[in-house]
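Counting begins at 1 with the first residue of the sequence. When reading the values below, keep in mind they use all heavy atoms of this one structure, side chains included, and skip hydrogens, waters and symmetry mates.
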Amino acid sequence: MGDLSSVQKRIRDLAAEKDVIILAHNYQVPEIQDIADIVGDSLVLALKARNVTQSTILFCGVDFMAESAKALSPEKRVIHPVPDSQCPMAHMVDVEGLQSYREEHPGAPVVTYVNSTAEIKAHTDICCTSANAVKVVRSLKEDEIIFVPDSNLGAYVQSQVPGKKVHLWPGYCHVHNDITTDQILQAKKDHPDALVMVHPECRMDVIDLADKVASTEGMIRFSASSDGKEFIVGTEEGLVHRLEKEVPGKIFHRLETAVCPNMKKITLYDVLKALENMGPTVELDPEIIERNKAPLERMLAL
Ligand code: 13P
Ligand code: SF4
């Protein structure tokens with residue numbers, strides 16, 4: 001197979017030869033981030049995916065991200081190197097359950113976090129990411145909304161938009177939900193000068209301890225512009241690679257337990273194999289694509 005750098009070179013050569021753009025989420029392993037054309041949060045990657053010039057998108061992230069890229073650029077071939085790299089939270093709500101929740105709250109629009117299946121997005125009024133969830137909910141004229149599937153992100157949105165009633169679906173991200181106040185308090189004790197950044201997929205008691213609540217991309221912007229020199233990173237540890245590369249001279253402390261096993265299922269060798277085979281590809285029903293476009297485009301238009 002060869003050492004890492006020769007595999008990385010082979011990947012870059014093949015991507016150029018086969019007209020492929022490589023998009024990678026901030027939680028991917030460092031050696032994948034380093035060969036990607038774009039590394040970003042869900043919002044950055046969705047925006048990029050609908051505007052690529054290459055004929056193929058190779059998506060290093062979990063299933064729903066690759067599906068969103070396909071829905072936004074259906075004419076492109078979208079490769080997801082390890083289809084089994086799936087976000088468990090995206091599978092915590094099903095269409096039947098959502099339909100009966102709608103019946104319980106008639107007239108309330110459904111705001112769906114992009115961490116959801118294409119089927120659920122097809123039954124959605126507007127999507128959001130962690131970077132724009134508050135903005136999306138504020139933009140709606142209705143006073144009551146249904147928020148699926150992340151109850152932690154929904155609770156955070158509720159705290160920022162007290163004038164509306166946010167009905168929460170009981171889903172969660174196990175990685176962020178498992179971050180505890182004890183862990184943050186211990187990290188603060190170990191690093192008394194550090195500022196605490198946490199992702200809004202964390203529980204509210206953890207969010208209450210933060211100096212900054214932000215998406216992964218927001219954490220990069222905050223740490224770069226802040227006067228602080230040291231930061232506790234309250235999200236999946238993969239982000240620290242980007243922080244250390246792009247915010248030089250500052251110190252970042254990861255939470256050792258915050259690892260998403262699904263994001264880590266994709267290896268550099270899987271990327272190489274996927275490029276050699278030009279697959280596995282993401283295939284979505286044309287009707288689902290059509291019905292995903294509207295809520296995704298509505299979000300991106302904001
Ligand atoms: P963002 O990168 O959009 O902040 O999302 C975090 C996440 O958990 C994606 O799976
Ligand atoms: Fe899903 Fe959480 Fe992993 Fe993101 S970090 S892919 S939300 S399980």
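Here salt bridge (charged side-chain N to carboxylate O under 4.0 Å, His left out) pairs that include residues 112-125, with residues two or more places apart or in two chains, are Arg102-Asp125. Residue pairs meeting the ring-ring contact (aromatic ring centres under 6.0 Å, His included) criterion with at least one member in residues 209-241, sequence neighbours excluded: Phe231-Phe252. Residue pairs meeting the ring-ring contact (aromatic ring centres under 6.0 Å, His included) criterion with at least one partner in residues 271-302, sequence neighbours excluded, are absent. Residue pairs meeting the ring-ring contact (aromatic ring centres under 6.0 Å, His included) criterion with at least one partner in residues 6-34, sequence neighbours excluded, are His25-Tyr27. Listed by first and then second residue, the ring-ring contact (aromatic ring centres under 6.0 Å, His included) pairs that reach into residues 85-104 are Tyr101-His105, Tyr101-Trp169, sequence neighbours excluded.
Donor-acceptor pairing under 3.5 Å is lacking for the side chains of Gln8 and Ser6. In the model, Ser5 has a side-chain atom that pairs as donor or acceptor with a side-chain atom of Asp3 under 3.5 Å. In summary, the side chains of Asp190 and Gln186 do present a donor paired with an acceptor at a separation below 3.5 Å, with no hydrogens or angles considered. Side-chain polar atoms of Thr129 and Ser42 form no donor-acceptor pair below 3.5 angstrom. The closest side-chain donor-acceptor pair between Thr216 and Asp41, if any, does not fall under 3.5 angstrom. A donor-acceptor pair shorter than 3.5 Å can be found between the side chains of Asn177 and Asn152. Side-chain contact, Asn262 with Ser85: no donor N or O sits under 3.5 Å from an acceptor N or O.
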One pair to check against side chain to side chain donor-acceptor pair (under 3.5 Å): Gln183 and Thr257. What are the steps and the verdict? CA-CA 10 Å; Gln183 243 179 315; Thr257 56; 2.7 Å; yes

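Glu201 meets the salt bridge (charged side-chain N to carboxylate O under 4.0 Å, His left out) test with no other residue; sequence neighbours excluded. With sequence neighbours left out, the salt bridge (charged side-chain N to carboxylate O under 4.0 Å, His left out) criterion links Asp13 to Lys9. Residues satisfying the ring pair (Phe, Tyr, Trp, His ring centres under 6.0 Å) criterion with His191, sequence neighbours excluded, are His253. With sequence neighbours excluded, the residues that form a salt bridge (charged side-chain N to carboxylate O under 4.0 Å, His left out) with Glu287 are Arg291. Annotation: side chain to side chain contact (heavy atoms under 4.5 Å, CB included) contacts of Ile126 (sequence neighbours excluded): Val111, Val136, Leu140, Arg298, Met299, Leu302. For His176, the ring pair (Phe, Tyr, Trp, His ring centres under 6.0 Å) partners are His199, not counting sequence neighbours. Remark: Glu217 pairs with Arg242 by the salt bridge (charged side-chain N to carboxylate O under 4.0 Å, His left out) rule, at least two apart or across chains.
No side-chain donor-acceptor contact under 3.5 Å links Lys70 to the backbone of Ile79. Side-chain atoms of Lys250 come within 3.5 Å of backbone N or O of Ser226 as a donor-acceptor pair. In this structure a side-chain-to-backbone donor-acceptor pair under 3.5 Å is missing from Lys245 to Asp34. Between the side chain of Ser68 and the main chain of Phe64, a donor-acceptor pair closer than 3.5 Å is present.
The minimum heavy-atom distance between Val20 and Asp37, with the atom names listed, is O-OD2, 4.2 Å.
The distance from the CG atom of Leu72 to the NZ atom of Lys293 is 7.5 Å, given to the nearest 0.5 Å.
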